[in-house]
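The model shown is predicted, which means the values in this text are computed figures rather than measured ones. Labels below follow one simple rule: chain letters A, B, ... track the order of the sequence lines, proteins then strands, and each chain is numbered from 1.
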Amino acid sequence: MYRELQKQLIEAVRTILETSWGLEVSDVVLEQPPDLAMGEFALPVAFELARKLRKAPRMIATELAEKLSTTLRPGDGFLSFEAAGAGYINVRLDRARLMAALASGSSQRPSEELPRVLVEHTSINPNKAAHVGHLRNAILGDTLVRILRARGHHVDVQNYIDNTGVQVADVIVGFLHLEHQTAPEVEALIARCEALGPEAREQRFDYHCWNLYARVSQWYAEGSEDQQKERKQLRYQTLHAIESGGNETAEVADRVSTAILRLHLETMLRLGITYDFLPRESEILHLRFWDRAFQLLKESGVLYAEQSGKNAGCWVMTRPGGGNSGEGPDEDAKVIVRSNGTVTYVGKDIAYHLWKFGLLGKDFGYRRFFAYPDHTCFISCMEGEQEHPHFGGARAIYNVIDSRQSDPQANVVQALRGMGHTEAADQYTHFSYEMVALTPRCAEELGYTVAEEDRGRPYIEVSGRKGFGVKADDLLDKLTAATRAEVDARQPERSEAERQRIAEQIAIGALRYFMLKFTRGSVIAFDFRDALSFEGETGPYVQYTAVRARNIFRKIGMTPESALAAVESLQSMELAVGAEDIWAIWMRAARREQTLETAISSAEPSTLARHCFQLAQEFNNFYHKHHILTEEDAGRRSLLLATAAIALRELTILLEWLGVEVPEAM
RNA sequence: GGGCGAGUAGCUCAAUCGGAUAGAGCAACGGCCUUCUAAGCCGUAGGUUACAGGUUCGAUCCCUGUCUCGCCUACCA
């Protein structure tokens with residue numbers, strides 16, 4: 001109903017402007033007054049018209065308000081229109097009617113066919129344990145998936161696995177040439193680690209590789225010049241062996257990366273994050289996706305063979321911003337195929353994205369890989385199972401990838417556009433976000449020595465190569481331990497299993513909210529003090545609020561649904577009119593869908609996190625001010641109960657979108 | 001050199017397409033637990049929105065210039 005009122009109002013303003021003044025305004029701006037007591041909507045349109053009409057804004061506002069009140073009647077849901085301030089028009093709604101509509105939950109969105117979308121997120125190199133930076137990616141991605149589904153899209157979730165890249169190669173170099181292990185020995189190690197189970201963190205295979213990767217990176221940089229050259233050569237030999245496949249090195253790499261991949265999936269599952277499909281680079285190579293893409297790129301003229309200059313002998317592509325000045329070679333062009341004939345990462349990515357949009361004319365084989373409680377995750381392979389869901393061929397895609405990759409991402413879009421796939425290019429969203437870094441203090445806490453010059457900086461970038469960072473599982477364990485201690489103290493009568501479950505839910509709530517409350521563009525300077533805080537603008541604060549609301553209904557022995565159903569027969573709704581703290585909660589509920597739309601169109605989940613937190617604040621304020629159980633006036637009590645019920649309903653929906661559960665008790 | 005992003009309270013961050021008095025949380029200080037859970041609530045203090053111009057009824061937001069910081073810009077992946 002709220003949305004319809006907005007539309008009606010904007011339409012009415014447009015009509016009046018046209019018929020009375022013969023004016024056309026492209027965009028009628030609708031705002032909220034700074035204080036709810038002033039009304040539900042505010043129209044600043046009079047300011048815009050002041051110049052055209054050569055009249056004071058306030059006068060225009062008065063006139064327009066008058067016309068509006070004869071057009072939109074109380075029967076439509078509008079109560080009054082009045083000029084305010086220097087020239088605003090404040091609009092009051094029929095609160096009782098809006099409340100009734102909200103309580104009955106009649107905010108159905110049209111069931112039109114929404115396009116199938118594809119979200120790629122997580123995409124961790126399978127060569128080491130996941131860290132906080134990966135958590136930000138996965139949590140942002142998973143939340144995006146949840147809100148797209150809430151809007152009504154069919155969403156396929158993909159986690160791209162670069163199992164044949166240089167990072168995997170580095171760890172394999174470590175196993176084979178630094179530790180001098182044989183293939184069976186590596187396999188035995190994986191088996192031993194798996195037998196220990198996920199609880200033995202320090203002995204986990206991905207933790208082992210975390211350290212090994214750091215050692216190898218250091219090993220490359222050590223020794224004499226000749227040694228370094230030799231080691232670098234070893235590195236590329238290993239990489240090429242892995243890329244070509246069908247040899248023992250590739251076999252070991254596959255075992256190692258697959259074992260780590262499973263651990264990553266388990267880590268993410270702790271946070272309630274799941275995937276539908278895991279496309280791997282090995283299949284993109286062996287199924288020759290690139291050959292087909294190369295052909296298409298040449299045919300469309302996107303790629304051209306550079307004849308001279310520094311890129312002579314390469315197949316290159318003009319960059320999005322740049323362009324050939326006409327004279328001589330475009331030195332700024334992006335190399336896609338090297339002079340030795342090998343394809344770069346961006347080239348493979350173009351092929352992969354043609355597949356995503358169903359424009360390649362090739363497909364993966366699919367095989368079952370990981371079982372979730374409610375569905376199965378498939379992985380790419382050469383020859384797959386007979387029956388499998390179809391992935392790819394999406395109308396719109398979102399790539400959750402940090403901002404450092406904006407250049408290669410732009411290249412892929414440029415290629416699509418150049419090939420004439422303008423619709424695909426328009427529906428390609430690089431959901432970029434800034435990295436997670438560590439505060440210098442946090443780095444020191446972890447036992448890393450911080451260079452003097454870094455000590456003054458607000459943050460230090462994590463580095464997998466240096467083994468510098470906070471591992472995802474360690475952080476989750478730390479959060480769980482901290483919440484567990486608090487739960488033990490507060491809920492001593494509950495069973496061990498219950499308390500553990502609650503502690504985990506709170507830990508996840510804290511972590512997910514922490515990652516979501518920042519806007520995408522801001523670097524998160526990670527610090528345990530902030531992340532382990534459960535007060536103020538945090539997940540546990542919101543969870544606690546929902547638990548509080550639910551306790552009211554448990555205590556009184558009635559359901560929130562029946563409290564909402566009672567709104568119809570409320571005689572005392574006028575009470576809400578004077579009580580802005582109550583009305584604020586209902587208005588918050590009214591704005592939910594609009595906030596969802598904003599979050600999606602701006603690809604900014606933090607909008608929803610903030611909305612959710614503000615609702616929690618409003619409810620806590622209300623909770624403190626009104627004591628429901630001891631309220632004697634029956635009508636007023638019904639109003640208070642309905643308000644608690646709407647708050648609980650909204651909090652539950654919003655937290656679900658954010659991937660945060662409401663614990664039994666806190 | 002070029003591209004992208006950032007600079008707002010002591011700290012970490014917001015600010016709905018350019019709108020009314022720039023808001024939260026932490027930290028600090030002062031209050032509130034015989035009452036539905038104090039992981040809570042209320043209050044105090046804290047600001048020349050990096051700087052200088054410009055655009056207009058109005059600028060944290062748009063334009064120009066300057067300063068500072070980060071990332072990207074390889075025939076690495």
Side-chain angles (χ1 to χ4, degrees), chain A residues 27 29-35 38 42 44 46-48 50-51 56-57 84-88 90 125 162 164-169 235-236 239 281 306 310-314 316 319-322 332 334-340 342 344-346 348 402-408 410 432 434-435 437 439 457-459 461 483 486 490 506 510 517-519 521-525 527 529-530 533-538 540-541 543-545 547-549 551-556 591 594-595 598 602 606-607 610-611 613-614 617 620-621 623-631 640 644 665-666:
Chain A
D27 227 2
V29 178
L30 199 55
E31 295 168 4
Q32 291 153 54
D35 185 350
M38 300 162 95
F47 295 109
E48 227 178 304
R51 173 171 252 182
Y88 286 94
N90 287 341
N125 272 302
D162 185 5
T164 54
V166 74
Q167 290 209 28
V168 168
R235 187 186 199 191
Y236 290 111
L239 175 62
E281 193 183 53
E306 184 59 85
K310 64 167 186 169
N311 294 331
C314 299
V316 302
R319 271 178 206 278
D332 201 35
K334 178 74 192 167
V335 172
I336 302 297
V337 180
R338 304 182 189 100
S339 55
N340 68 3
T342 58
T344 62
Y345 174 78
V346 172
K348 283 180 269 191
D402 74 70
S403 60
R404 287 171 288 194
Q405 300 224 42
S406 59
D407 197 55
S432 80
E434 271 292 347
M435 62 181 173
T439 62
R457 293 178 200 269
Y459 53 81
E461 191 175 352
T483 48
E486 195 66 30
R490 288 163 184 257
I506 298 171
K517 74 186 207 181
F518 302 95
T519 50
S522 84
V523 175
I524 298 182
D527 195 305
R529 191 187 58 186
D530 300 330
S533 151
F534 308 133
E535 289 166 17
E537 196 188 346
T538 66
Y541 172 90
Q543 289 174 306
Y544 182 71
T545 309
V547 169
R548 273 181 146 180
N551 280 348
I552 295 169
F553 294 99
R554 204 187 50 200
K555 204 96 169 186
I556 207 170
R591 286 198 303 268
Q594 193 182 0
T595 310
T598 307
S602 61
S606 66
T607 311
R610 195 157 293 274
H611 176 84
F613 169 66
Q614 283 166 349
Q617 269 189 322
N620 277 322
N621 180 294
Y623 181 91
H624 180 257
K625 196 165 164 188
H626 309 281
H627 200 263
I628 300 173
L629 296 187
T630 55
E631 175 58 52
L640 296 177
M666 279 179 80

Problem set entry | Donor-acceptor pair, side chain of A/T545 and main chain of A/Y541, under 3.5 angstrom | yes
Write out a two-atom table: protein N or O, nucleotide N or O from nucleotides 38-41 of chain B, distance below 3.5 Å.
from: B/rA38; atom 1: OP2; to: A/R548; atom 2: NH2; distance (Å): 2.7
from: B/rA39; atom 1: OP1; to: A/R490; atom 2: NH1; distance (Å): 2.7
from: B/rA39; atom 1: OP1; to: A/Y544; atom 2: OH; distance (Å): 3.3
from: B/rA39; atom 1: OP2; to: A/R490; atom 2: NH1; distance (Å): 3.2
from: B/rA39; atom 1: OP2; to: A/R490; atom 2: NH2; distance (Å): 2.3
from: B/rA39; atom 1: O5'; to: A/R490; atom 2: NH2; distance (Å): 3.3
from: B/rA39; atom 1: O4'; to: A/R490; atom 2: NH2; distance (Å): 3.3
from: B/rA39; atom 1: N9; to: A/R490; atom 2: NH2; distance (Å): 3.4
from: B/rA39; atom 1: N7; to: A/R490; atom 2: NE; distance (Å): 3.1
from: B/rA39; atom 1: N7; to: A/R490; atom 2: NH1; distance (Å): 2.7
from: B/rA39; atom 1: N7; to: A/R490; atom 2: NH2; distance (Å): 3.4
from: B/rG40; atom 1: OP1; to: A/G536; atom 2: N; distance (Å): 3.1
from: B/rG40; atom 1: O2'; to: A/R548; atom 2: NH1; distance (Å): 2.6
from: B/rG40; atom 1: O2'; to: A/R548; atom 2: NH2; distance (Å): 3.3
from: B/rC41; atom 1: OP1; to: A/Y541; atom 2: OH; distance (Å): 2.6
from: B/rC41; atom 1: O2'; to: A/H624; atom 2: ND1; distance (Å): 2.8

Exercise. Between the side-chain atoms of A/N90 and the base atoms of B/rA20, is any donor-acceptor pair under 3.5 Å?
Worked result: yes
For this session: Using heavy atoms to find the nearest nucleotide of RNA chain B for A/G521 and A/R610 separately, return the residue whose nucleotide is more 5′.
Result: A/G521
For this session: Pick base, sugar-phosphate or nothing for A/A42, based on heavy-atom distances below 4.0 Å to the nucleic acid.
Result: base
Seminar exercise, completed: Protein heavy-atom contacts under 4.0 Å, written 5' to 3' over nucleotides 69-75 of chain B as B (base), S (sugar-phosphate only) or - (none), form the string SSSSSSB
For this session: Quote, to the nearest angstrom, the C1' distance that separates B/rG3 from B/rG25.
Result: 35 Å
Protein-nucleotides 55-61 of chain B N/O pairs closer than 3.5 Å?
from: B/rC57; atom 1: OP2; to: A/R51; atom 2: NH2; distance (Å): 3.3

Exercise. Using the P atom in both, what is the distance from B/rA6 to B/rC63, to the nearest Å?
Worked result: 12 Å
For this session: Give one of base, sugar-phosphate or nothing for A/F518, where a contact means two heavy atoms less than 4.0 Å apart.
Result: sugar-phosphate
For this session: Grab the two heavy atoms, one from A/G87 and one from A/F47, that are nearest each other, plus how far apart they are.
Result: N-CZ, 3.7 Å
Exercise. What nucleic acid atoms does A/H611 come within less than 4.0 Å of, heavy atoms only: base, sugar-phosphate, or nothing?
Worked result: nothing
Problem set entry | Minimal non-hydrogen separation, A/Y459 against A/A525, with atom names | CB-CB, 3.9 Å
Exercise. Any idea which heavy atoms bring A/I552 and A/L629 closest together, and the distance?
Worked result: O-CD2, 4.3 Å
Problem set entry | Syn/anti state for B/rC33 [syn: chi within 90° of 0] | syn
For this session: Starting from P on B/rG25, measure out to CD on A/E537 and report it in whole angstrom.
Result: 8 Å
Seminar exercise, completed: The salt bridge (Lys or Arg N to Asp or Glu O under 4.0 Å) partners of A/E48 (sequence neighbours excluded) come to none
Seminar exercise, completed: Heavy-atom closest pair (A/S432 atom, A/S403 atom, distance to 0.1 Å) is CB-CA, 4.0 Å
Exercise. So, does A/K517 use its side chain to make a donor-acceptor pair with the main chain of A/E537 at under 3.5 Å?
Worked result: yes
Exercise. Looking across every strand, which nucleic acid part, if any, lies under 4.0 Å from A/F553 by heavy atom: base, sugar-phosphate, or nothing?
Worked result: nothing
Exercise. With rounding to whole Å, what would you report as the distance between B/rA9 and B/rU48 at their P atoms?
Worked result: 9 Å
Problem set entry | Nearest-angstrom distance, P atom, B/rG18 to B/rG5 | 15 Å
Exercise. Roughly how far apart, to the nearest Å, are B/rU35 and B/rA24 at atom C1'?
Worked result: 29 Å
Exercise. If you measure from the C1' atom in B/rG54 to the same atom in B/rA59, how many Å do you get, rounded?
Worked result: 11 Å
Exercise. Taking all atoms of both residues into account, what is the closest heavy-atom pair of A/T538 and A/S533, and its distance?
Worked result: CG2-O, 3.4 Å
Exercise. Less than 4.5 Å apart, any side-chain heavy atom of A/I506 and any of A/Q543?
Worked result: yes
Exercise. Between A/R404 and A/D402, is there a side-chain N and carboxylate O pair less than 4.0 Å apart?
Worked result: yes
Exercise. For the pair made of CG in A/D35 and P in B/rA20, what is the distance, rounded to whole Å?
Worked result: 13 Å
For this session: Quickly work out the A/Q614 CD to B/rG25 C1' distance and round it to whole Å.
Result: 12 Å
Exercise. In whole Å, what separates the P atom of B/rC26 from that of B/rU66?
Worked result: 41 Å
For this session: Nearest-nucleotide wise, let me know which of A/L30 and A/A665 is further upstream toward the 5' end of RNA chain B.
Result: A/L30
Seminar exercise, completed: Sequence neighbours excluded, the answer for side-chain contact (heavy atoms from CB on, under 4.5 Å) partners of A/R235 is A/V166, A/D170, A/Y220, A/R465
Problem set entry | Whole angstrom value for the distance that separates P of B/rG18 from CG of A/D27 | 11 Å
Problem set entry | Pairwise P distance for B/rC51 and B/rC61, with rounding to whole Å | 11 Å
Problem set entry | Heavy-atom closest contact (A/P57 atom, A/A46 atom, distance) | O-CB, 3.5 Å
Exercise. Is a side-chain donor or acceptor of A/R319 paired with a backbone partner of A/D332 at a separation under 3.5 angstrom?
Worked result: yes
Exercise. Rounded to the nearest 0.5 Å, how far does CG of A/N621 lie from NE2 of A/H626?
Worked result: 7.5 Å
Seminar exercise, completed: Atom NE2 of A/H627 and atom C1' of B/rU35 are separated, to the nearest Å, by 5 Å
Problem set entry | Stems formed with participation of RNA chain B [Watson-Crick or G-U wobble, under 3.5 Å, three or more pairs] | B:1-7 with B:67-73, B:10-13 with B:23-26, B:28-32 with B:40-44, B:50-54 with B:62-66
Problem set entry | Sub-4.5 Å side-chain heavy-atom contact between A/N620 and A/R548 | yes
